[in-house]
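Letters A, B, ... are given to chains in the order of the sequence lines, protein chains preceding strands, and every chain is numbered from 1. Worth knowing before you read on, the calculation uses all heavy atoms, side chains too, and leaves out hydrogens, waters and symmetry mates. In this text the structure is predicted, and so the values were computed from the model without any measurement.
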Amino acid sequence: MGKRLEIITQQRLEKVRKLRERGIDPYPNAYHRTHTAQEARSLFESGEADPASQVSIAGRVTALRHMGKATFLDLRDGSGKIQAYFNKTQIGPERHELVKDLDLGDFVGVQGVLFKTHTGEMTVNVSDFTILAKSLEPLPEKWHGLVDVEKRYRQRYLDLISNQSARDTFLARSRTISAIRRFLDGRGFIEVETPVLQQMAGGARARPFTTHHQALDEDFYLRIATELYLKRLIVGGFDKVYEIGRIFRNEGISTKHNPEFTTLESYEAYADYNDVMRMLEEMVAQTAQSVLGTTKVSYGDLTLDFAPPWKRITLRDAVLQTSGIDFEVSLKAGPESLRRVMQEKGLQLDDTMSPAYLFDKLVSTYVEPTLIQPTFLIDYPVETTPLAKTKSDNKAIVERFEAFAVGMEFANAFTELNDPEEQAARFTIQEEWRKQFGDEEAEQYQEDFIQAMEYGMPPTGGLGVGIDRLVMLFTNQQSIREVILFPQLKTA
RNA sequence: GGGCCGGUAGCUCAGUGGAAGAGCACCUGACUUUUAAUCAGGGUGUCGCGGGUUCGAAUCCCGCCCGGCUCACCA
């Protein structure tokens with residue numbers, strides 16, 4: 001800590017001491033306000049307020065203008081900002097001394113009548129006030145706000161105090177999640193919670209975090225998806241379930257990846273991936289409408305339109321159009337043939353890449369960059385998706401879609417595989433890849449899950465949505481850290 | 001993990017070998033309708049950390065830490 005900062009803090013601690021000496025608690029327990037800043041504003045603008053009626057409002061001092069015997073300060077609460085006016089004649093010389101000791105960042109409660117100044121600013125004419133919390137540290141600068149990205153992430157509260165745009169982004173995030181809940185609740189889905197600590201982490205291709213339970217003396221994984229437990233609930237007879245929750249993947253950190261992130265997963269009995277596609281379109285469009293007031297969303301130089309229907313293209317056609325590779329033809333000649341064709345295109349592949357990796361590579365290299373407007377990529381090779389059901393007329397292709405915008409995947413869904421014998425066979429293939437290719441992210445054989453399938457699961461459409469990424473799209477943010485309040489950073 | 005860029009006052013930033021700076025914030029004083037208030041005065045610093053080169057280093061070199069972008073990997 002620099003010496004200047006220490007001096008400022010010392011000065012403010014001295015003010016705290018003086019307040020206590022005068023019998024004033026610098027940190028009282030509560031303050032009962034009658035209005036938020038916004039409510040007071042509406043009350044006044046509506047013209048229905050009795051001009052003599054008192055309001056009390058509380059907030060943080062974000063600007064302070066002393067003018068001799070008069071003082072103006074800006075108070076900000078969760079609803080917005082309002083100006084307060086202190087006049088020495090009105091509050092008395094003794095109280096006026098306290099006003100002079102107020103600092104930027106302090107919390108105060110003010111009581112008085114509302115009026116408009118000569119310059120038209122709605123203001124509380126303060127007759128009484130209460131210090132609610134002294135601030136000991138100087139706030140970031142008022143004009144430029146807090147710019148330092150590292151500080152904005154590590155001390156997000158300063159970002160929120162200083163930058164309206166940060167407040168707007170996280171408010172939009174909150175409203176997005178609320179709107180999604182309303183949408184699903186309105187459709188008869190019930191929200192559930194499933195374990196984060198799992199003996200086997202499944203439902204996605206990813207490396208898990210490990211942890212340890214002391215009393216059981218047993219290692220656990222943090223979940224990488226909510227899928228396998230939610231499907232057990234479909235078996236249990238809840239026809240429509242969803243979970244919005246944190247999942248954890250022990251992988252690289254980037255502008256599009258945080259080690260912990262939030263997904264929505266929903267499962268609907270008697271539905272297939274076509275039903276889910278229609279639902280997702282509607283859900284995202286309604287959510288955008290509700291949060292942003294429009295389905296046309298600015299993103300960088302682009303305008304994304306989430307109004308249904310979104311473009312649909314099969315993975316095969318998309319890969320063919322963008323790379324000239326027809327993987328169905330190649331696959332008929334075996335996975336090695338596909339690897340050879342891809343290598344001929346100049347793709348860097350090594351022998352440890354399982355077929356699932358090969359498709360990932362194809363899609364990420366050729367297809368994803370072309371998917372700007374909201375687009376469904378549909379019908380994936382069975383090798384890529386061990387938990388999805390194949391098409392009734394083509395056992396090589398599963399009924400799966402992923403939704404993209406600006407080249408970024410934000411949803412993944414399929415008609416769920418509910419044949420226990422086939423599921424067992426698919427897990428077995430995954431286990432073989434784990435051995436053959438050293439593919440640590442291959443699904444593990446999950447006996448308990450198979451057993452659930454054996455009791456019978458109805459035809460089911462499942463959906464996963466990356467909430468953080470959806471919020472990025474809605475709030476025009478290029479980095480996932482801008483939509484996560486406390487993103488993962490190295491220890492400073 | 002690789003490449004590129006960055007870290008100077010509480011905040012936002014100048015400063016590329018020769019006395020550490022500006023604006024805001026802060027402190028002192030003036031000011032009873034200001035609002036990026038104004039006016040007069042005051043600089044409060046481990047130049048990210050550690051070595052090295054040099055008469056002299058914020059500046060040049062080496063190593064390390066943290067961050068941003070990007071590539072790799074993933075969603």
**OP:** Using whole Å, report how far CD1 of A/Ile480 lies from P of B/U70.
**Re:** 13 Å
Original post:
Do A/Phe170 and A/Leu160 come close enough that some side-chain heavy atom pair is under 4.5 Å?
Top reply: yes
**OP:** Would you kindly give the CD-to-C1' distance between A/Gln83 and B/U33, to the nearest whole Å?
**Re:** 8 Å
Original post:
Is there a stack between A/His144 and B/U12, judged by ring centres under 5.5 Å and planes under 30°?
Top reply: no
**OP:** Provide the distance between the two P atoms, one in B/U44 and one in B/U32, to the nearest whole Å.
**Re:** 32 Å
Subject >> Given B/C27, B/U34, B/A75, the nucleotide with the shortest approach to the side chain of A/Phe72 >> reply: B/U34
Subject >> Below 4.0 Å: OP1/OP2 of B/G67 and any side-chain N or O of A/Arg154 >> reply: yes
**OP:** Would you mind classifying the nucleic acid contact of A/Gln11 as base, sugar-phosphate or nothing, using non-hydrogen atoms under 4.0 angstrom?
**Re:** sugar-phosphate
Original post:
If you look at every strand shown and take non-hydrogen atoms under 4.0 Å, does A/Ser364 touch a base, only sugar-phosphate, or nothing?
Top reply: nothing
Original post:
Which is true for A/Asp148 with a 4.0 Å heavy-atom rule: it touches a base, it touches only sugar-phosphate, or it touches nothing?
Top reply: sugar-phosphate
Original post:
Of all the choices, B/C27, B/U34, B/C11, which nucleotide is nearest to the side chain of A/Leu146 once you look at every atom?
Top reply: B/C11
Original post:
Paired with B/G6 by Watson-Crick or G-U wobble geometry, both distances under 3.5 Å: which nucleotide is it?
Top reply: B/C66
Original post:
How far does the C1' atom of B/U8 sit from the matching atom of B/A14, given to the nearest Å?
Top reply: 10 Å
Original post:
Should A/Gln430 and A/Gln446 count as side-chain neighbours, where that means a heavy-atom distance under 4.5 Å?
Top reply: no
Original post:
What does A/Glu409 touch in the nucleic acid at a heavy-atom separation under 4.0 angstrom: a base, only the sugar-phosphate, or nothing?
Top reply: sugar-phosphate
Subject >> Residues A/Glu243 and A/Arg223 bridged, charged N to O under 4.0 Å >> reply: yes
Original post:
Are the charged groups of A/Glu443 and A/Arg434 less than 4.0 angstrom apart, N to O?
Top reply: no
Original post:
Roughly how far apart, to the nearest Å, are B/C47 and B/C39 at atom P?
Top reply: 33 Å
Original post:
Within the structure shown, what part of the strands sits under 4.0 Å from A/Thr255 by heavy-atom distance: base, sugar-phosphate, or nothing?
Top reply: sugar-phosphate
Original post:
Does OP1 or OP2 of B/C27 have a side-chain N or O of A/Lys100 closer than 4.0 Å?
Top reply: no
Original post:
So what does A/Asn250 touch, heavy atoms closer than 4.0 Å: a base, only the sugar-phosphate, or nothing?
Top reply: nothing
Original post:
Any idea which heavy atoms bring A/Asp379 and A/Leu315 closest together, and the distance?
Top reply: O-CB, 3.5 Å
Subject >> P-based separation of B/G63 from B/A22 [nearest Å] >> reply: 36 Å
**OP:** Remember a base hit wins even if backbone is also touched, and classify A/Ser479 as base, sugar-phosphate or nothing at under 4.0 Å, heavy atoms.
**Re:** sugar-phosphate
Subject >> P gap between B/G48 and B/A37, integer Å >> reply: 31 Å
Subject >> Between A/Tyr273 and A/Phe414, ring centroids under 6.0 Å >> reply: no
**OP:** Classify the nucleic acid contact of A/Gly464 as base, sugar-phosphate or nothing, counting any heavy atom under 4.0 Å across all strands shown.
**Re:** nothing
Original post:
Rounding to a whole Å, what distance do you find between A/Leu347:CG and B/C73:P?
Top reply: 10 Å
Original post:
Taking the nucleotide of RNA chain B with the closest heavy atom to each, which residue, A/Gln488 or A/Gly120, is nearer the 5' end?
Top reply: A/Gly120
Subject >> Value in whole Å for how far the P atom of B/A37 lies from CD of A/Glu121 >> reply: 12 Å
Original post:
In terms of side-chain heavy atoms of A/Glu141, which of B/G23, B/U34, B/G67 is nearest?
Top reply: B/G23
Original post:
Rounded to the nearest Å, what distance is computed from the CZ atom of residue A/Phe86 to the C1' atom of nucleotide B/C31?
Top reply: 18 Å
Original post:
Using atom P of each nucleotide, how far apart are B/C49 and B/G10 to the nearest Å?
Top reply: 13 Å
Subject >> Ring-on-base stacking B/A75 with A/Phe410 (under 5.5 Å, under 30°) >> reply: no
**OP:** Please determine, for B/C39, whether a Watson-Crick or G-U wobble partner exists with both distances under 3.5 Å, and give it or none.
**Re:** B/G29
**OP:** Please state the P separation for the pair B/G7 and B/U34 - nearest whole angstrom.
**Re:** 42 Å
**OP:** Run the ring-centre check on A/Phe474 versus A/Phe306 and record whether the distance is less than 6.0 Å.
**Re:** yes
Original post:
Does a side-chain heavy-atom distance below 4.5 Å link A/Ile244 with A/Thr262?
Top reply: yes
Original post:
For A/Leu371 and B/A75, what is the distance between atoms CG and P respectively, to the nearest whole Å?
Top reply: 16 Å
**OP:** Could you tell me the separation between the NZ atom of A/Lys490 and the P atom of B/C65, rounded to a whole number of Å?
**Re:** 7 Å
Original post:
Quick one: is B/A36 close enough that its OP1 or OP2 comes under 4.0 Å of any side-chain N or O from A/Lys142?
Top reply: no
Original post:
How long is the line joining CH2 of A/Trp143 and C1' of B/A37, in whole Å?
Top reply: 13 Å
**OP:** Describe the nucleic acid contact of A/Lys88 in one word from base, sugar-phosphate, nothing, applying a heavy-atom distance below 4.0 Å.
**Re:** nothing
Original post:
Distance between the C1' atoms of B/A58 and B/G17, in whole angstroms?
Top reply: 11 Å
**OP:** Tell me what A/Arg205 touches on the nucleic acid: a base, only sugar-phosphate, or nothing, going by heavy atoms under 4.0 Å.
**Re:** sugar-phosphate
**OP:** Would you mind classifying the nucleic acid contact of A/Lys361 as base, sugar-phosphate or nothing, using non-hydrogen atoms under 4.0 angstrom?
**Re:** sugar-phosphate
Original post:
Under a 3.5 Å cut-off for both distances, is B/G1 Watson-Crick or wobble paired, and to whom?
Top reply: B/C71
**OP:** Would you mind classifying the nucleic acid contact of A/Leu139 as base, sugar-phosphate or nothing, using non-hydrogen atoms under 4.0 angstrom?
**Re:** nothing
Original post:
Under 4.0 Å between a side-chain N/O of A/Arg65 and OP1 or OP2 of B/U34, yes or no?
Top reply: no
Subject >> Any A/Lys151 side-chain nitrogen or oxygen under 4.0 Å from OP1 or OP2 of B/G6 >> reply: no
Original post:
Taking the six-membered ring for Trp, is the centroid-to-centroid distance between A/Tyr153 and A/Phe486 below 6.0 Å?
Top reply: no
**OP:** By nearest nucleotide on RNA chain B, pick out whichever of A/Pro138 and A/Asn87 is the more 5' one.
**Re:** A/Pro138
**OP:** Would you mind pulling out the nucleotide paired to B/C13, Watson-Crick or G-U wobble, both distances under 3.5 Å?
**Re:** B/G21
Subject >> A/Glu416 bridged to A/Lys231 by N-O distance under 4.0 Å >> reply: yes
Original post:
A/Pro140 has a side chain; which of B/G10, B/C11, B/C26 sits nearest to it?
Top reply: B/C11
**OP:** Look at A/Arg481 and B/G68 and indicate whether a side-chain polar atom (N or O) is within less than 4.0 Å of OP1 or OP2.
**Re:** yes
Original post:
Nearest of B/U34, B/A36, B/C66 to any side-chain atom of A/Thr123?
Top reply: B/U34
Subject >> Closest to side chain of A/Val147, choosing from B/U34, B/U44, B/C13 >> reply: B/C13
Subject >> Pairing partner of B/U34 (Watson-Crick or G-U wobble, both distances under 3.5 Å) >> reply: none
Original post:
Base, sugar-phosphate alone, or nothing: which one does A/Leu489 contact when heavy atoms must sit under 4.0 Å apart?
Top reply: sugar-phosphate
